[in-house]
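These numbers come from a predicted model, not from an experiment. For the single chain, residues carry numbers from 1 onward in sequence order.
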Amino acid sequence: MMPVFDALSRHARQQPDATAFRDGARAITWAGLADAVSRAAAGFAAGPRTVGLHMTGLDYIIADLAATLAGCRVVPVPGFFSAGQIAHLLDDSGAALTDRLPQGDGALSLAYAGGADRVIYTSGTTGRPKGVVLGDRQLTAQTRALAAAIGATPGDRYLSVLPQAQLLEQVCGIFVPVLTGAETVIAAEGPACLFTGDGAALARVAAACCPTVTVLATRQLTLWVAALRQGARAPDSLRYIAVGGAPVSPALLAEARDLGLPVAEGYGLSEASSVVAMTPAGGTGMVALDGASLRIEDEEIVVDGPSVMSGYLGHAPHRGPWRTGDLGRLTNGRLTVLGRRDGLILRASGRNIAPEWVEAAALADPAIPAAALILTPDDRLMLVLAATASPDMAALAARLGQLPDYARPDTLVFADPREVGLIRPSGTADRQLAARIAQAPGAHLIPLLAQQAPA
């Protein structure tokens with residue numbers, strides 16, 4: 001992380017009055033940021049050595065940089081975690097919950113001495129998240145690699161719309177802009193739309209701030225595209241939008257690009273510092289980031305390089321490559337991700353189906369925040385839709401019709417998204433619960449008629 005703090009010190013000297021970060025009506029210059037980080041770092045240095053950061057906006061930016069400068073173990077606390085998950089995170093890491101910037105005497109020099117690390121908790125598929133430990137080696141490599149991948153420059157304006165407790169947003173929304181000296185606009189409308197299902201506010205803030213770069217969750221892309229369909233306009237300033245976290249329907253990607261969103265796919269995981277492959281600007285197919293090595297072993301994606309984690313907190317240190325648990329293929333250096341190995345559906349015909357790609361066809365509709373493909377005991381495919389409103393059935397049938405016959409659902413099942421446990425804190429559907437809902441008496445079933453699918 002030394003390059004990030006060296007860059008912050010340099011910006012404070014060379015462009016002290018230029019805006020570094022904006023957060024609604026608040027803004028901070030590079031000189032102001034350097035001073036705030038130095039002072040907060042003195043407070044962190046005098047307090048607990050493991051801090052659970054439970055803040056948002058500019059306060060989170062300052063706290064993350066300051067706690068790192070002070071050599072602390074930083075534990076970001078996701079706002080979407082349940083109370084039980086937060087309690088586990090604090091107990092497992094030994095972190096002191098910190099919801100405001102500390103007050104200390106004096107200020108620390110921006111000359112970073114090294115030694116800080118962070119623990120990233122991912123909700124995964126269970127209620128007890130695991131802590132991924134990342135240090136200077138991983139974060140420096142990832143920051144430099146992502147800056148190179150998106151062609152980051154001081155002239156960029158980054159639109160920050162992901163929750164800041166997500167590792168990807170820490171790297172793209174804090175470390176890369178500080179490294180390059182670019183301005184960042186923090187938009188609360190971004191995380192909010194993940195819960196409200198309204199992309200209009202996201203489209204408005206993007207049009208107002210004229211960003212050049214942003215990173216989106218798949219759900220945010222779906223909602224932004226829906227707003228563009230209703231007449232919103234994509235900013236002409238945009239040159240690169242990375243989208244990831246879940247498979248994206250090819251139809252949604254194509255429509256987004258037609259509507260003026262220069263979308264590129266990315267793939268990664270916390271165990272490899274968030275991103276390992278991205279589609280280059282103006283290119284096609286995902287390629288490994290600088291320093292990352294990808295290979296396929298027994299159909300599984302294996303990652304190696306300096307961004308691979310130190311290990312899980314409380315477990316033996318990890319060394320060497322990481323087996324991701326994701327299925328994929330490499331074609332001429334281009335990566336295609338097929339889905340999770342543990343989620344694979346095996347039909348009686350012997351065909352394997354990665355449910356994520358079928359579910360992606362449903363998630364392209366803004367009325368469907370979560371979906372789950374299940375296989376019944378009599379070998380029928382059912383697609384369970386947690387719908388907040390009536391989806392566009394014709395468009396959904398058309399997207400599903402692009403799938404091969406063996407992967408096309410026989411039946412759609414509508415479920416109440418308020419059903420406890422159906423949508424996990426991470427935003428994905430619980431397939432086991434979805435299966436019980438689909439096969440319960442009185443389930444709302446709609447057969448997918450053959451004539452709905454295009455020839």
Subject >> pair V176-Y158: side-chain heavy atoms closer than 4.5 Å >> reply: no

Original post:
Between A165 and P78, what is the shortest heavy-atom contact and its length?
Top reply: CB-CA, 3.5 Å

Subject >> Heavy-atom side-chain proximity of Y240 to T214 below 4.5 angstrom >> reply: no

Original post:
Where is the tightest heavy-atom contact between D430 and R424, given as atom of each residue plus distance?
Top reply: CA-NH2, 3.6 Å

**OP:** Give a yes or no on whether the backbone of R26 and the side-chain of D23 come within a donor-acceptor separation of less than 3.5 Å.
**Re:** no

**OP:** Determine, for R323 against E271, whether the closest basic-nitrogen to carboxylate-oxygen distance falls under 4.0 angstrom.
**Re:** no

Subject >> Flag side-chain contact, heavy atom, 4.5 Å: D156 against R239 >> reply: yes

**OP:** For the residue pair F414 and I446, establish whether any side-chain heavy-atom pair is separated by less than 4.5 Å.
**Re:** yes

Subject >> D6/Y112 under side chain to side chain contact (heavy atoms under 4.5 Å, CB included): CA gap, chis, key distance, verdict >> reply: CA-CA 8 Å; D6 287 347; Y112 176 56; over 6 Å; no

Original post:
How about T222 and L252: do any of their side-chain heavy atoms sit closer than 4.5 Å?
Top reply: yes

**OP:** Begin with the C-alpha distance, continue with both residues' side-chain angles, and end with the deciding distance and a verdict on side chain to side chain contact (heavy atoms under 4.5 Å, CB included) for R10 and W30.
**Re:** CA-CA 9 Å; R10 184 172 64 254; W30 287 110; over 6 Å; no

Subject >> Distance-minimising heavy-atom pair for T50 and S93 >> reply: CG2-O, 3.7 Å

